2 protein chains.
Amino acid sequence: MSIRKEKKAQTRSALLNAALQLVKEGGNFATISIREIAKQAGIVPTAFYRHFKDTNELGLNLVDELSACLRQLVRSTREESTSNSKIINNTVHVLDEYIQNHRELFMFMTQGRTGGTPEIRKAIRNELNVFSLEIVSDLAQQQSFPAMNSAQLKMVTDLLVSTITYSTTDLLDLQENTVLKTERLTLLKQQFRVIALGAAEWRTQ
Amino acid sequence: MSIRKEKKAQTRSALLNAALQLVKEGGNFATISIREIAKQAGIVPTAFYRHFKDTNELGLNLVDELSACLRQLVRSTREESTSNSKIINNTVHVLDEYIQNHRELFMFMTQGRTGGTPEIRKAIRNELNVFSLEIVSDLAQQQSFPAMNSAQLKMVTDLLVSTITYSTTDLLDLQENTVLKTERLTLLKQQFRVIALGAAEWRTQ
DNA sequence: ATATTCAGTGAACGCCTGAAGACTGAAAGA
DNA sequence: TCTTTCAGTCTTCAGGCGTTCACTGAATAT
């Protein structure tokens, strides 16, 4: 890559990271201004426009980062799930790790899904759907619920994704290594078990 | 009530409704300004301070309105649930009705839970917990899951509330009387069934 | 009847915002 | 080598923001 393109890519990345940093520091993405982002990225406000039309466009690019993160999360969970009995515990453990290490992205996700622009809401909804479909694919391959057809598996997996997303909001507000945090993770594991039991019992119609 | 106090209460109510109206019109509560709210309420910006210190304090009062709404929702669902077989369909139907008729409040709830100030997030989390506890009380009384102790019932009900909250965000973005909307309601009903099946199968440890 | 209270007014403040436009200087291309 | 491209700079603008303060006038209290 040419020097110019490389430097541009660097600044662009700095802008995306700046926005995430501001979200991480407690800001709501919807309230973050172009000037704040530029300042955090170490450039002048007007240079922002060389990369994005507005914060909405930047947000859509953050959804792409989120997409990559969720994809990696699915892969990590798949690789981690060796023993079939502890699959729930492993999944929750990996999820917790990802939420901690990508706090900013998950905060952006939960905020954006409910309070973003219509475009951003749609993009995140779409990413969560892809996320769900990838899990469906894995569950189908592992024959976790052999009695279910793919539509039924999707319905159950959507419930899993719903539960994960809701729990993420709670987990993001709990400090590490506290009783409350541990209890919340235990709750999530139990809820996964309920869903798994229900899915195993599912009979058509 | 004296004339003065009555008029003050009216203006206060107008401010709360103005904020909700702005949320309903697509604004994110976090981005709504004092001046916008005052304008929508038909008063001068500075008069806002006669009622609330800032938008955060107003938001906390909106949580109280949300609280009342959720309480009423529980009551309506309880009264509606006559036939035990159709309880899930009735519950989803009542929920859908409430989301339609109190759009603004549910939008405020989903936005505030993920993107509000720490105070508002906490207040909404608390309301949802109370909501869950009320449902637990109902389920216990109806002996829906006789094998479960109250802690287990709470765990399952939290899953129900999680599912409701997540679905609410989706439902708020879908137009009435469309295929997608109907499908989303069907999905929710099926997920309720999975949870109910799982809860019935739950064995300790 | 007179004095006090107080919800709502209106002007003013300094600050931050998104955006437009002319400019700079190093990299890319001829 | 000379010209062009273009990411980033600097200045400037109008407009919205939260907040202050002195004020008004009707409701209340004495």
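Proteins get letters first, then strands, A, B, ... in listed order; numbering begins at 1 in each. This one's a predicted model, so the numbers in the text were calculated from it and none came from an experiment.
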Does anyone know the first and last nucleotide of DNA chain D in reach of chain B, 5' to 3', at under 4.0 angstrom to a heavy atom? D:dC17 to D:dT28
Take B:Tyr166 and B:Leu188 through the test side-chain contact (heavy atoms from CB on, under 4.5 Å) and record every step on the way to the result. CA-CA 10 Å; B:Tyr166 186 91; B:Leu188 177 56; over 6 Å; no
In residues 35-49 of chain A, what residues come within less than 4.0 Å of DNA chain C, judged by heavy atoms? A:Arg35, A:Glu36, A:Thr46, A:Tyr49
I'd like to know if A:Asp170 and B:Arg113 make a salt bridge, using a cut-off of under 4.0 Å between side-chain N and carboxylate O. yes
Would you please confirm or rule out a distance under 4.0 Å between OP1 or OP2 of C:dA27 and any side-chain N or O of A:Ser2? no
Step through the shown structure and confirm whether more than 12 heavy atoms of other residues, nucleotides or ligands are within 6.0 Å of NZ on A:Lys181. yes
Which residue pairs pass the ring-ring contact (aromatic ring centres under 6.0 Å, His included) test with at least one member in residues 18-44 of chain A, sequence neighbours excluded? A:Phe29-A:Phe108
Give me the residues of residues 16-24 of chain B where at least one heavy atom lies under 4.0 Å from an atom of DNA chain C, by number, or none. none
More than 12 heavy atoms from other groups under 6.0 Å of CD on B:Glu119: no
By nearest-nucleotide position on DNA chain D, the 5'-leaning member of B:Ile3 and B:Ile32 is B:Ile32
Tell me: NZ of B:Lys8 to C1' of C:dG8, nearest whole Å? 11 Å
Rounded to the nearest angstrom, tell me the gap between atom CZ in B:Phe52 and atom C1' in C:dG8. 15 Å
Looking at residues at least two apart in the chain, or sitting in another chain, which of them share a salt bridge (charged side-chain N to carboxylate O under 4.0 Å, His left out) with B:Glu127? none
A:Asn149 atom CG, over 12 foreign heavy atoms within 6.0 Å: yes
Distance (rounded to the nearest 0.5 Å) between A:Asn17 CG and A:Gln10 CD: 11.5 Å
Distance, nearest 0.5 Å, that separates CG of B:Leu128 from OG of B:Ser162: 10.0 Å
Taking the nucleotide of DNA chain D with the nearest heavy atom to each, does B:Lys7 or B:Lys53 sit closer to the 5' end? B:Lys53
Quickly work out the A:Asp54 CG to C:dA20 C1' distance and round it to whole Å. 16 Å
Just jot down the salt bridge (charged side-chain N to carboxylate O under 4.0 Å, His left out) partners of B:Arg125, sequence neighbours excluded, or say none. A:Asp173
Atom CZ of B:Arg50 and atom C1' of C:dA7: how far apart are they, to the nearest Å? 6 Å
Find the distance A:Glu57:CD to C:dA19:P and express it as a whole number of Å. 12 Å
Does CD belonging to A:Glu25 count more than 12 external heavy atoms closer than 6.0 Å? yes
Give the rounded distance in Å between these two atoms: CG of B:Leu15 and C1' of C:dG8. 11 Å
